[in-house]
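Counting starts at 1 for both ligands and their atoms, following the listed order.
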Amino acid sequence: MSSNAPKKKLEGRVALITGASRGIGRTIALLFAREGAKLALVARNAEMLEALAVEARALSGTDVITGAFDVKDAAKVAEFTDKTLDTLGRLDILVNNAGVTRDGLFMRMSEADWDEVLDTNLKSAFLFMRAAAKPMMKQRSGRIINIASIIGLIGNAGQANYAASKAGLIALAKSAAKELGSRNILVNAIAPGFIETDMTHALGEDQRAAILKTIPAGRFGKPEDVAQAALYLASDESAFVTGQVITVDGGMVM
Ligand code: NAP
């Protein structure tokens, strides 16, 4: 490589990313690989994770490990965090991105739908943060990025469970930022707006047209838009930023 090549922003750092098999998490993984990070990738679908690992290694020659398991499983979370430390040597960046929806009016919502969303979206982040904080404290450095949602800021009819989980991710980030700040561990959240992924493809044309009218930027977001914000929060450029929420929504909520 030419000596004039720009310095990679995450050279040698180890990033653990949940929900990496598709959508926003996959895009964050590929951007971080391009910026020199070693990757520990988590989702349930083993084939999609392995395909991503092959792509990331081909892109940058970086080290990649994968863990195909449910992020609700506390034992697996601890086990995979240990495996990341054993195999890749350290843990610098944690991105809590795995997320699901189970929409419905809260008055008719089952406990199962409440628990599935709260446990997948919020409890998993707590489990990974608890596991990651120890090695990050020893290293005296770390970055934790929780992928929340604008719905966690403004609420949404039919998404009480999802909104509560996303507001929880923001409050969790702020609390951890206060507990870990003196150890040089920075904790922030990203609140994406409407981003084109599997999660939003289920919407009908009428719904999409109505949403588009509420976005000042005049377009839906791309996974790359969120990945660039995650790169900023993972890189040296955000060294004095902690406990914040970066909204990536084309101006939908302001
Ligand atoms: P997506 O395409 O549906 O991807 C979700 C990811 O989470 C997949 O990799 C999925 O992998 C993983 N996942 C789900 N449940 C899991 C579980 N129990 N254990 C392990 N992994 C699990 O969603 P996306 O749009 O990329 O969203 C990513 C994050 O951004 C989510 O937290 C979402 O709430 C948030 N967000 C998205 C938007 C949007 O407009 N798309 C807006 C705001 C916020 P497997 O199925 O392989 O397990």
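A salt bridge links Asp236 to Arg13: one of the charged nitrogens lies within less than 4.0 Å of a carboxylate oxygen. The existence of a salt bridge linking Glu50 and Arg57 is confirmed by a sub-4.0 Å separation between a basic side-chain nitrogen and an acidic carboxylate oxygen.
With sequence neighbours left out, Arg219 forms a side chain to side chain donor-acceptor pair (under 3.5 Å) with Asp225.
When each of Ile24, Val95, Val226, Ile170 is paired with Ile190, the side chain to side chain contact (heavy atoms under 4.5 Å, CB included) condition holds for Val226 and for no other.
No donor-acceptor pair closer than 3.5 Å links the side chain of Thr101 to the backbone N or O of Asp103.
Near ligand 1, residues Gly19, Ala20, Ser21, Arg22, Gly23, Ile24, Ala43, Arg44, Asn45, Phe69, Asp70, Val71, Lys72, Asn97, Ala98, Gly99, Val100, Thr120, Ile147, Ala148, Ser149, Tyr162, Lys166, Pro192, Gly193, Phe194, Ile195, Thr197, Asp198, Met199, Thr200 come within 4.0 angstrom through at least one heavy atom.
Around NZ of Lys72, the count of heavy atoms belonging to other residues, nucleotides or ligands within 6.0 Å exceeds 12.
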